Number of protein chains: 2
Amino acid sequence: MAATRPKAEAGTATRILDVAERLVQTRGFNGFSYADIAAELGITKAGLHYHFAGKAELGEALIVRYSERFAEALAAIDASGLDARAKLDAYVDLYAQVLSGKRMCLCGILAAEYQTLPRPMCDAVIRFFDDNEAWLTALLERGGADGTLSLSEPAADSAQMIVSGLEGAMLVARPYSDPERFKSSAQHLIASLT
Amino acid sequence: MAATRPKAEAGTATRILDVAERLVQTRGFNGFSYADIAAELGITKAGLHYHFAGKAELGEALIVRYSERFAEALAAIDASGLDARAKLDAYVDLYAQVLSGKRMCLCGILAAEYQTLPRPMCDAVIRFFDDNEAWLTALLERGGADGTLSLSEPAADSAQMIVSGLEGAMLVARPYSDPERFKSSAQHLIASLT
DNA sequence: GTCTATAGGCAGATAGAC
DNA sequence: GTCTATCTGCCTATAGAC
């Protein structure tokens with residue numbers, strides 16, 4: 001009765017998601033195929049269809065899992081006890097961690113390919129940005145209230161600028177293969193709030 | 001002897017570039033095919049190969065033309081006689097104009113697909129960003145000198161942040177189909193310099 | 001849960017006629 | 001400069017054996 005195995009090695013579905021996630025984040029959704037995943041896992045293309053009916057369903061599952069993990073990371077920051085200023089730094093560091101794996105944000109790269117994605121994936125991408133901006137807006141407001149951040153604009157506007165600014169910093173840093181480029185842009189981005 | 005016809009209707013090569021440019025900017029380089037272009041122009045796929053040997057050569061030609069046009073737009077801003085502050089606004093407006101056509105910056109979307117592009121295209125994408133940052137750096141330095149802009153960081157750092165911030169603002173605004181979203185983010189991005 | 005086998009389609013590309 | 005015809009290869013996906 002191993003309904004929930006705490007430390008079992010990853011099941012096949014999870015390993016498929018892991019490989020597919022890396023492929024999307026490095027090559028884009030239109031830049032990889034079932035064959036790429038199958039070859040890497042040592043199974044056949046047909047075997048993949050047992051776990052994910054089609055590429056659209058796989059893509060949807062990728063965004064759902066990615067968003068859940070991101071939400072968990074945000075919850076961890078919320079629970080950290082840091083002040084708002086430090087939490088903002090921690091938020092920026094989430095993006096830096098993604099980039100350090102030479103990856104683009106999953107939803108950032110999907111935003112680039114947005115007009116070619118199946119509808120369910122589109123909706124999930126939008127939700128990711130909405131959730132991030134909502135969380136960041138609340139953080140900025142708390143920072144403005146406790147004096148650790150100085151807001152010169154409505155918090156929602158700053159949140160929008162920060163999310164898109166961080167996505168852009170990742171986007172441009174990757175061709176240069178230079179994580180420092182991201183960190184520099186990100187720091188200047190939030191400098192006006194500190 | 002029509003070596004240079006001033007107002008001739010576009011030649012086939014130009015029309016191919018026009019269609020391909022729009023397809024890349026809306027769907028990505030891996031999101032369209034020769035068949036899409038051929039269908040739209042009413043010629044066959046084989047006909048395209050006469051003008052551009054392969055998709056790689058077409059992609060390279062796209063970046064070259066796009067970069068030339070961008071450089072011309074920058075030269076026009078230089079020649080405008082506006083102060084540095086107004087020139088910065090004009091620069092932001094170049095991006096807004098691209099987005100108003102429901103398109104992403106050509107090199108921004110190629111940056112997302114960077115790891116799947118043929119080498120010559122990669123080099124041309126990097127050059128585009130280098131050129132933009134160099135132009136913007138010079139502008140910011142002039143603005144700092146004449147007092148119309150207030151630099152709190154080295155001009156090159158601010159230029160990097162602005163270019164990547166504008167690319168990100170385009171990237172995220174497009175799924176929302178909301179040009180206002182771009183304008184808001186862009187204004188907040190340069191607010192600290194004004 | 002993974003396999004073999006295969007379908008049906010589209011990709012980028014080429015040869016050679018007109 | 002554009003066509004027809006064709007190639008090879010990869011794509012996503014399915015049927016059915018094991």
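Chain letters run A, B, ... following the sequence lines, proteins first and then strands; every chain starts at 1. Everything quoted here is computed from the prediction, not taken from an experiment. Basis for what follows: all heavy atoms, side chains included, without hydrogens, waters or symmetry-related copies.
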Specify the separation, in whole Å, of atom [atom1] of [X] and atom [atom2] of [N].
X: B:E57; N: C:dG12; atom1: CD; atom2: P; answer: 13 Å
X: B:L23; N: C:dA11; atom1: CG; atom2: P; answer: 12 Å
X: A:F52; N: D:dT12; atom1: CZ; atom2: C1'; answer: 16 Å
X: A:F32; N: D:dT12; atom1: CZ; atom2: C1'; answer: 12 Å
X: A:K55; N: D:dT12; atom1: NZ; atom2: P; answer: 5 Å
X: A:L58; N: D:dT12; atom1: CG; atom2: P; answer: 10 Å
X: A:Y34; N: C:dT6; atom1: OH; atom2: P; answer: 22 Å
X: B:I43; N: C:dA13; atom1: CD1; atom2: C1'; answer: 15 Å

- Query: So, A:E21 and A:R69, do they make that salt bridge, N to O below 4.0 Å?
  - Reply: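 Yes, this pair counts.
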- Does any N or O in the side chain of B:E57 come within less than 3.5 Å of the main-chain N or O of B:F52, such that one atom is a donor and the other an acceptor?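 Judged by distance alone, no pair lies under 3.5 Å.
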- Ignoring hydrogens and angles, tell me if any N or O in the side chain of B:D36 forms a donor-acceptor pair with the backbone of B:F32 under 3.5 Å.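 Checked: no pair found.
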Of the listed nucleotides ([options]), which one gets closest to any side-chain atom of [X]?
X: B:K45; options: C:dG12, D:dC11, C:dT2; value: C:dG12
X: A:A35; options: C:dA13, D:dC11, D:dT2; value: D:dC11
X: A:H49; options: C:dA13, D:dT4, D:dT14; value: D:dT14
X: A:A46; options: D:dT14, C:dA11, D:dT4; value: D:dT14

- Task: Could you tell me how the ring of B:F70 sits relative to the ring of B:Y66: parallel (under 30°), tilted (30 to 60°) or perpendicular (over 60°)?
- Result: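 Ring orientation, 0 to 90° scale: tilted.
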Does [X] make a side-chain N or O approach to OP1 or OP2 of [N] shorter than 4.0 Å?
X: A:Y50; N: C:dT2; result: no
X: A:S33; N: D:dC11; result: yes
X: A:T12; N: C:dT2; result: yes
X: A:T44; N: C:dT2; result: no

- Show your reasoning for whether side-chain hydrogen bond (donor to acceptor under 3.5 Å, both in side chains) applies to B:D131 and B:S67. CA-CA 9 Å; B:D131 291 348; B:S67 297; 6.0 Å; no
